[in-house]
2 protein chains.
Amino acid sequence: MAHTIKDVSRLSGVSTATVSRAFSNPESVREATRAKVMEAARILDYQPNAIAQSMARQTTEHIAFLICKHDSSILDEFYAGICDGIMRVTKDADYRLLVSTADDWGSTRRNQVDGVILGGSATVGMISGYVRQNTKIVLVNHELGGFDFPRVVSDEQTGVRMAVEHLISRGHRKIAMLAGRFSPYICEVRFNTFCSVLKEHGLPIPDRYVRICDPNIPDAERQAERILIQQDPPTAIFGANDVIATGAMKAAIRLGRKIPDDVAVIGYDDSRVCEALEPELSSVHTDCTRMGELSAKLMLDLLSGNKPEKNRFVIEPKLVIRGST
Amino acid sequence: MAHTIKDVSRLSGVSTATVSRAFSNPESVREATRAKVMEAARILDYQPNAIAQSMARQTTEHIAFLICKHDSSILDEFYAGICDGIMRVTKDADYRLLVSTADDWGSTRRNQVDGVILGGSATVGMISGYVRQNTKIVLVNHELGGFDFPRVVSDEQTGVRMAVEHLISRGHRKIAMLAGRFSPYICEVRFNTFCSVLKEHGLPIPDRYVRICDPNIPDAERQAERILIQQDPPTAIFGANDVIATGAMKAAIRLGRKIPDDVAVIGYDDSRVCEALEPELSSVHTDCTRMGELSAKLMLDLLSGNKPEKNRFVIEPKLVIRGST
DNA sequence: GGTTTGAATGTAAACGCTTACATTTATAAA
DNA sequence: TTTATAAATGTAAGCGTTTACATTCAAACC
C-alpha cells in the first residue's frame, strides 16, 4: 500500500492537517514546516490520494466528453479534433478528461465527474440525469431545442453559403449537390441552405442535379456518376461533406472529366483528405479544435462558478479554395 | 445535494449496510427488502456515489490511455483507432476511460486510475511512478527495452516485407523508398527492413533511390519529384507511411506519370486516405482497433488479478492491394 | 416447544483526505 | 515585561460508501 497522510504526519512530526495544508495551500504553512513535510513525503514517496481528496472536497476535477452520435466515435476526424481541443484546455487546467461514446452513459456512475461536454446529438433523457445531479453541461456542435445550455456551434449556413457562392462566382450556373445521409440535422441544414442560396441567385435546381448518398466513397462515386453521365451535366458539384466530394472527384476522374475545367468539386469539413487529392479539394473549414477548446473553457468557467456572458458561441467557418474549383 | 445512502436507509427502514448490499450484491438480501430499498431509492432519485465507492473499495474502475508521442495526439488516425478499441472494451466492462497526451501525466493524480495503457514511447521515468503505486501497466505499439510489461505490438518487419515483396512480385527491380522522419524507432525499422528485403532478393539500393522526408504531403511531394525526375528513375516507390506515399502519388500525377504503369506506389498504415486517392493506394493495414481492444483486455485481465499467459502480443499486418500497384 | 442452523440484517470501523474551530506560538505594540 | 494581535498548527468531525463481525430471524429438526 502506498503511504498516507498519516505516515507523513508521523515522520515529519506535524499534524495531518498541516501536511494537508503543505500540499494544497502551501502559503499557509511556515517555510520550515513545509520543508520538513516535503522531505518526509519525499522519503516515503507520498502523493495525496486523489480519491480521498475528491471525497473530502466534493469535487473530482474530472470532466467527460461524450460523443453522442449513433455510429460514430473518436475515429471521426471532426470529433477527434474537438476532443483534441478539449484535451489541451483540460490538461492546462489540470483537469482529467474522460472520453466515451455514449447513449446511456448518463445512467451509470454519473457522479464521478464535475461536468460533461456533450458532442453530437444528446437527448433530453440523457441530460436530465445530469441536471438533477447538478453536473455541469456544455453542448458542442449541437443545439438542444427548448434549452439554453452553454454551447458551441458552427455556423453551417454561412459555411454552405460560402461554398455555393464561391462556385457561382467562378461562373457556374449548373450546380449539383450530393446530399448526405449521415447526421440528419446537419444534412438537412446543408441541403436547405444550398437550395436557398441557389434560389437567391435565380439559379434552378433540377431534380436530376440532386442525389442523396451514404457517407462513403463508393456510394458517393456511384451517385456522382449518375449525375455526371446525364445529358447537360452540371459544371460543379457540392458534396455534403469531404468524403462525398471525394467520391465525386473519383467519379469525374474515372469518367475522364478534367477537374476543375469540366467539373468543379467542393466539399465540406476540410478534412485531411482534401490536401491528399489531386487536384486538391476545396472545402469549408470548421476549426473543430477551437470548438473543443472553447467548450472546455466554458466548462471550466461553469465549474468555477461563473455564469458565462452568453450561452451560445458560434464558430465561423472558412472557405478554403484549392485546385478542385 | 444528492441524496445519500443514509436517506435511503431512513426511508426504507433498513440499515445502510443493507442498502449498500441491495445495490452491489443483490442476491444477499431478501427479495422483499430489496424491493423496499429500490422503491425508496427511486423516490429519492438515489444513486450510489461513485467516489465514495472508490474510496471504500480501494479501486476506481478507471483506466487511462496515454498517448506518449511528442507532437502527436488523438488526431493521429492510428492512435484514434487504438483509443476506439480501448473504448469498446472498457465500455463493455463498465470501466471509465481517461485519455491524455502525456509526458508528465504520471507525476500528478496518479492514484486516480487502476491502470494505464501507454501508447507510443513511454520512458522509464514515466513508468516508475506507476510501478511504485502498483498501478497496472500495459504498453501498446511500443516495447520498453529491458522490461517485460504486458504489451501489444505490430509486426512491422513482416508488414514492410509484404509491401516490398509485393512490388518485387509485380516485376519491379528498381524500387525507391521515401523514408520518414517521424517516430524514430518506426522509421528505422521500416527503412532497415526495406533494405534487407531488397538485399535478400539481390536488388540494388542506389542512394539516389532513397530520400528522407517529413511526414507531410508537400515535403513528400518534393522529395518524390527529385527521385522521379532523375535519369533511370525507379519503377516503384515505397512510402514510409501513407502520407508520404500520397505525396509520391501527387508528384507522379503532376509529372504526368501513369500510376501504376509508369510508377507504382505503396504506403504503410492503410489510413482512410488510401481509398480516397485515384488510383487507390495500396498499403499495409495494421488493425489498430484490435490492438486497442487487446491491450484493454490485457489490462482488465491484470486488474482482475490474472497473470496473462504471455506478455508480448503481436498483431500481424495485412497487405491491401489496390490500384496504385 | 426447544434447539440448531443458515440466512438476513444491523453495528460500527475503516477508507484518506479537508477544514471549521480551538489552541498554541510568534510578532508587535505598549 | 505584559498584552494584544496575527499567524501557524492541532483536533476532530465530516465526506458516502463497504464490510468484518455481531446479532436477530426464520425454518427445520428433534
Side-chain angles (χ1 to χ4, degrees), chain A residues 1-38 40-41 44-62 108-114 132-135, chain B residues 1-38 40-41 44-62 108-114 132-135:
Chain A
M1 274 300 296
H3 286 118
T4 74
I5 205 172
K6 271 193 193 161
D7 302 311
V8 178
S9 146
R10 199 174 310 124
L11 182 58
S12 59
V14 302
S15 71
T16 60
T18 299
V19 176
S20 172
R21 283 187 281 250
F23 272 91
S24 41
N25 194 8
E27 316 81 61
S28 71
V29 338
R30 266 224 322 276
E31 171 62 33
T33 315
R34 194 190 330 155
K36 268 195 305 190
V37 170
M38 289 308 171
L44 299 174
D45 190 31
Y46 165 81
Q47 289 201 228
N49 180 303
I51 295 292
Q53 290 183 321
S54 295
M55 177 99 240
R57 293 179 180 160
Q58 297 287 88
T59 169
T60 62
E61 315 227 311
H62 280 45
T108 169
R109 286 273 188 157
R110 195 182 287 147
N111 36 28
Q112 195 92 310
V113 297
D114 297 339
R132 276 201 301 273
Q133 302 261 350
N134 197 31
T135 301
Chain B
M1 273 301 295
H3 286 118
T4 74
I5 205 171
K6 272 193 191 159
D7 302 312
V8 179
S9 146
R10 199 174 310 124
L11 181 60
S12 59
V14 302
S15 71
T16 59
T18 300
V19 176
S20 172
R21 282 187 281 252
F23 273 89
S24 41
N25 194 11
E27 316 81 62
S28 70
V29 338
R30 265 223 325 276
E31 171 62 32
T33 314
R34 195 188 333 154
K36 269 194 306 188
V37 170
M38 290 308 171
L44 298 175
D45 190 32
Y46 165 80
Q47 289 199 229
N49 180 302
I51 295 291
Q53 288 184 321
S54 294
M55 175 101 242
R57 293 178 179 162
Q58 298 286 88
T59 169
T60 62
E61 316 226 312
H62 278 47
T108 170
R109 287 272 191 160
R110 196 182 286 145
N111 37 28
Q112 194 92 309
V113 297
D114 297 339
R132 277 200 301 272
Q133 303 261 350
N134 198 30
T135 302

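Proteins get letters first, then strands, A, B, ... in listed order; numbering begins at 1 in each.
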Can you tell me how far P of C:dG16 sits from CZ of A:Arg10, to the nearest Å? 12 Å
Bend of the helix from C:dG1-D:dC30 to C:dA30-D:dT1 from end-axis comparison, five pairs per end, nearest 10°, comes to 40°
Judged by each residue's nearest nucleotide on DNA chain C, which is more toward the 5′ side, B:Thr16 or B:Ala52? B:Thr16
Let me know the distance between CD of B:Gln112 and C1' of C:dC17, rounded to the nearest Å. 12 Å
According to salt bridge (Lys or Arg N to Asp or Glu O under 4.0 Å), does anything in residues 8-17 of chain B pair up with another residue at least two apart or in another chain? List the pairs. B:Asp7-B:Arg10
With sugar-phosphate taken as primed atoms, P, OP1 and OP2 and all else as base, the protein-contact string of nucleotides 20-28 of chain D at under 4.0 Å (heavy atoms; B, S, -) is B--------
Give the rounded distance in Å between these two atoms: NE2 of A:His3 and P of C:dC17. 12 Å
With sequence neighbours left out, the residues meeting side chain to side chain contact (heavy atoms under 4.5 Å, CB included) with A:Ala52 are A:Asn49, B:Met55
Give every residue pair that meets the salt bridge (Lys or Arg N to Asp or Glu O under 4.0 Å) criterion with at least one member in residues 11-20 of chain B, sequence neighbours excluded. none
Separation of A:Asn49 atom CG from D:dC15 atom C1', in whole Å? 13 Å
So, B:Ser9 side chain and B:Ile5 main chain: donor-acceptor pair closer than 3.5 Å or not? no
Base, sugar-phosphate alone, or nothing: which one does A:Phe23 contact when heavy atoms must sit under 4.0 Å apart? nothing
Decide yes or no for A:Ile51 and B:Gln112: does some side-chain heavy atom of the first lie under 4.5 Å from some side-chain heavy atom of the second? yes
When you check the phosphate oxygens OP1 and OP2 of D:dC15, does a side-chain N or O of A:Gln53 lie under 4.0 Å from one of them? no
Please name all residues satisfying side chain to side chain donor-acceptor pair (under 3.5 Å) with B:Ser28, sequence neighbours left out, ordered by chain then number. none
Less than 4.0 angstrom between a side-chain N/O of B:Gln58 and OP1 or OP2 of C:dG16, yes or no? yes
N/O (side chain, A:Ser54) to phosphate O (OP1/OP2, C:dC17) under 4.0 Å: no
Given C:dT9, D:dT9, D:dG16, which nucleotide is nearest the side-chain atoms of B:Thr18? C:dT9
Could you give the CG-to-P distance, from A:Asp7 to C:dC15, as a whole number of Å? 11 Å
When you measure from the side-chain N and O atoms of B:Thr4 to the phosphate of D:dC15, is any distance below 4.0 Å, counting only OP1 and OP2? no
By side chain to side chain donor-acceptor pair (under 3.5 Å) - contacts of A:Ser15 (at least two apart): A:Thr18
Measure from the side chain of B:Arg57, starting at C-beta and using heavy atoms only, and say which of D:dT18, D:dG14, D:dG16 lies closest. D:dT18
To the nearest Å, how far apart are B:Asn25 CG and D:dT17 P? 17 Å
Rounded to whole Å, please give me the gap between CD in A:Glu31 and P in D:dA7. 17 Å
Looking across every strand, which nucleic acid part, if any, lies under 4.0 Å from B:Ser20 by heavy atom: base, sugar-phosphate, or nothing? base
5′-ward residue of the pair B:Met55/B:Arg34 relative to DNA chain C: B:Arg34
Nearest heavy-atom pair of A:His3 and A:Tyr46: which atoms, and what distance? O-CD1, 3.4 Å
Within less than 4.0 Å of OP1 or OP2 of D:dG10, is there a side-chain N or O belonging to A:Ser15? yes
Excluding sequence neighbours, so at least two apart, what forms side chain to side chain contact (heavy atoms under 4.5 Å, CB included) with B:Leu11? B:Ala40, B:Ile43, B:Leu44
Could you give the CD-to-C1' distance, from B:Glu27 to C:dG6, as a whole number of Å? 17 Å
Residues passing the side chain to side chain donor-acceptor pair (under 3.5 Å) test with B:Arg30, sequence neighbours excluded, are none
